Enquirer: 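My questions all concern the structure below.
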Amino acid sequence: MISKFFSKTRAPLMALIALGAAGAASAQQTSNYVGASVGLYNKYSLRCVQGSKCDDTPSAAGKIFGGHMFSENFGLEASAFGTKSAFGALKDAKGATLPGSVNMRGLGLSGVAALSEGPFTFKGRLGVAYTQGKASYASTGGRSKESSLQPLIGAGVSYDLSKQLALSADFDRISGKYNDKAKAHANMVSVGLSYKF
């Protein structure tokens with residue numbers, strides 16, 4: 001699911017990165033970077049329904065990202081992210097609580113504040129995401145899908161392996177509606193690589 005989503009969102013992601021880079025073409029000490037990471041710890045904020053399947057940790061999650069640093073400390077980052085399904089208590093469009101599964105994917109754009117110390121760089125991210133949530137209700141066989149704008153919050157640390165290549169660890173808080181009355185939250189801790197150019 002995640003690889004299919006990334007292939008569909010490659011063009012909009014590159015457009016966002018190009019937009020950020022074009023706006024800062026004349027700035028000093030600028031740099032661009034791209035990367036990808038795989039979720040090692042992924043957890044949804046779902047309660048359980050007694051007697052039904054309950055697993056708030058999706059089997060896979062990840063993101064691709066790219067950004068432009070206007071200076072050593074400030075930049076703009078675009079990302080595409082996705083999580084596989086988790087199972088628990090969901091609310092349907094009428095507000096009733098039902099057992100089911102939910103997954104999310106989306107595109108985000110965030111401002112970045114960075115601080116470097118030797119080979120380490122610490123980053124905080126705050127922005128907005130266009131997220132699509134999908135739900136499947138086990139007891140009724142119904143499905144719902146909703147797209148919405150949501151806040152995107154993240155933080156991370158990277159370690160320079162060379163002048164271009166860095167190992168990164170990130171935390172992202174992802175939110176999304178899965179119908180017009182209900183939304184889900186997911187925390188993703190991911191590890192990956194980034195390349196600076």
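Just so it is clear, the structure is predicted and the values come from calculations on it, not from any experiment.
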Enquirer: Please determine whether residues L115 and Y159 belong to a single hydrophobic cluster, defined as Ile, Leu, Val, Met, Phe, Trp and Tyr linked transitively by side-chain heavy-atom distances below 4.5 Å.
Expert: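 No: no chain of side-chain contacts under 4.5 Å links L115 to Y159.
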
Enquirer: Examine V128 and M188 and state if one hydrophobic cluster contains both, with Ile, Leu, Val, Met, Phe, Trp and Tyr joined whenever side-chain heavy atoms are less than 4.5 Å apart.
Expert: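 Looking at the clustering, M188 is in a separate group from V128.
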
Enquirer: Is there a salt bridge (Lys or Arg N to Asp or Glu O under 4.0 Å) between D160 and K196? Walk through the geometry before answering.
Expert: CA-CA 10 Å; D160 291 337; K196 187 186 300 183; 5.1 Å; no

Enquirer: Quick check against the 3.5 Å criterion: does T131 have a side-chain atom that pairs as donor or acceptor with the backbone of S175?
Expert: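 Indeed, once roles are kept as given, a pair shorter than 3.5 Å links the two residues.
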
Enquirer: With a 4.0 Å cut-off on N to O distance, would you call D172 and R125 a salt bridge?
Expert: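 Looking at D172 and R125, the cut-off is met.
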
Enquirer: Which heavy atom of D92 sits nearest a heavy atom of N179, and at what distance?
Expert: C-ND2, 3.4 Å

Enquirer: If we ignore hydrogens and angles and just use 3.5 Å, is the side chain of S144 paired with the main-chain N or O of Y178 as donor and acceptor?
Expert: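 Yes; at least one donor-acceptor contact below 3.5 Å.
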
Enquirer: With a 4.5 Å heavy-atom cut-off, do S139 and V49 have their side chains touching?
Expert: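 Not in contact.
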
Enquirer: Going from CG on L40 to OG on S190, what distance comes out if it is rounded to the nearest 0.5 angstrom?
Expert: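 Reported value, rounded in 0.5 Å steps: 7.5 Å.
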
Enquirer: Considering non-hydrogen atoms only, spot the tightest contact between F87 and S85 and give its length.
Expert: CE1-O, 4.3 Å

Enquirer: Picking from N187, T83, N103, what satisfies side-chain hydrogen bond (donor to acceptor under 3.5 Å, both in side chains) with Y44?
Expert: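 One option only clears the test, and that one is T83.
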
Enquirer: NE2/H68 to OG/S31 distance, rounded to the nearest 0.5 angstrom?
Expert: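 If we round to the nearest 0.5 Å, H68:NE2 and S31:OG are 7.0 Å apart.
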
Enquirer: Check this for me: F74, atom CZ, are more than 12 non-hydrogen atoms of other residues, nucleotides or ligands nearer than 6.0 Å?
Expert: no

Enquirer: Give the C-alpha distance, both sets of side-chain angles, the deciding distance and a yes or no for side-chain contact (heavy atoms from CB on, under 4.5 Å) between K134 and R143.
Expert: CA-CA 7 Å; K134 292 182 179 180; R143 297 177 183 273; over 6 Å; no

Enquirer: Can you measure from CE (M104) to CZ (F81) and round to the nearest 0.5 angstrom?
Expert: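 Interatomic distance, M104 CE to F81 CZ, rounded to 0.5 Å: 7.5 Å.
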
Enquirer: Running the 4.5 Å side-chain criterion over Ile, Leu, Val, Met, Phe, Trp and Tyr, what cluster does V189 land in, apart from itself?
Expert: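 Once heavy-atom contacts under 4.5 Å are chained together, V189 belongs with Y41, F171.
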
Enquirer: What I'd like to find out is whether the side chain of L193 reaches to under 4.5 Å of the side chain of L161, using heavy atoms alone.
Expert: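 Result yes, sub-4.5 Å side-chain heavy-atom pair found.
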
Enquirer: Minimum heavy-atom separation for L152 and S79, please, with both atom names.
Expert: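 Smallest interatomic distance, heavy atoms only, reads CD2-OG, 4.1 Å.
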
Enquirer: When rounded to the nearest 0.5 angstrom, what distance separates NZ in K145 from OG in S136?
Expert: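 Reported value, rounded in 0.5 Å steps: 13.0 Å.
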
Enquirer: Are the side chains of F65 and S168 in touch, meaning some heavy atoms are under 4.5 Å apart?
Expert: yes

Enquirer: Working to the nearest 0.5 angstrom, can you tell me the gap between M69 CE and K123 NZ?
Expert: 5.5 Å

Enquirer: Closest heavy-atom contact between G192 and L167?
Expert: O-CD1, 3.4 Å

Enquirer: Testing the basics here: between L90 and G100, what is the closest heavy-atom pair and its distance to 0.1 Å?
Expert: CD1-C, 3.7 Å

Enquirer: Just verifying a value: how many Å separate Y130 OH and Q150 CD, rounded to the nearest 0.5 Å?
Expert: 11.5 Å

Enquirer: Under 4.5 Å between side-chain heavy atoms, hopping through other hydrophobics if needed: is there a path connecting I153 to F122?
Expert: no

Enquirer: Same cluster or not: are L109 and F70 linked, directly or through other Ile, Leu, Val, Met, Phe, Trp or Tyr residues, by side-chain heavy atoms under 4.5 angstrom apart?
Expert: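 Yes; tracing contacts between hydrophobic side chains, which count when under 4.5 Å, links both residues.
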
Enquirer: Tell me, do I64 and V34 make a side-chain contact under 4.5 Å, heavy atoms counted?
Expert: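 Heavy-atom side-chain distance check fails, nothing below 4.5 Å.
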
Enquirer: Under the ring pair (Phe, Tyr, Trp, His ring centres under 6.0 Å) rule, collect the residues that match up with Y195, sequence neighbours excluded.
Expert: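 Ring pair (Phe, Tyr, Trp, His ring centres under 6.0 Å) list for Y195, sorted by chain: empty.
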
Enquirer: So, K91 and T97: side-chain donor and acceptor under 3.5 Å apart, yes or no?
Expert: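 Indeed, the side chains of K91 and T97 share at least one donor-acceptor pair under 3.5 Å.
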
Enquirer: Out of the candidates C48, C54, S52, only one should pair with P99 under the side chain to side chain contact (heavy atoms under 4.5 Å, CB included) rule; please name it.
Expert: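 Option passing the side chain to side chain contact (heavy atoms under 4.5 Å, CB included) with P99: S52.
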
Enquirer: Are L46 and I174 in one and the same hydrophobic cluster, where Ile, Leu, Val, Met, Phe, Trp and Tyr link if side-chain heavy atoms are under 4.5 Å apart?
Expert: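 Shared cluster, yes.
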
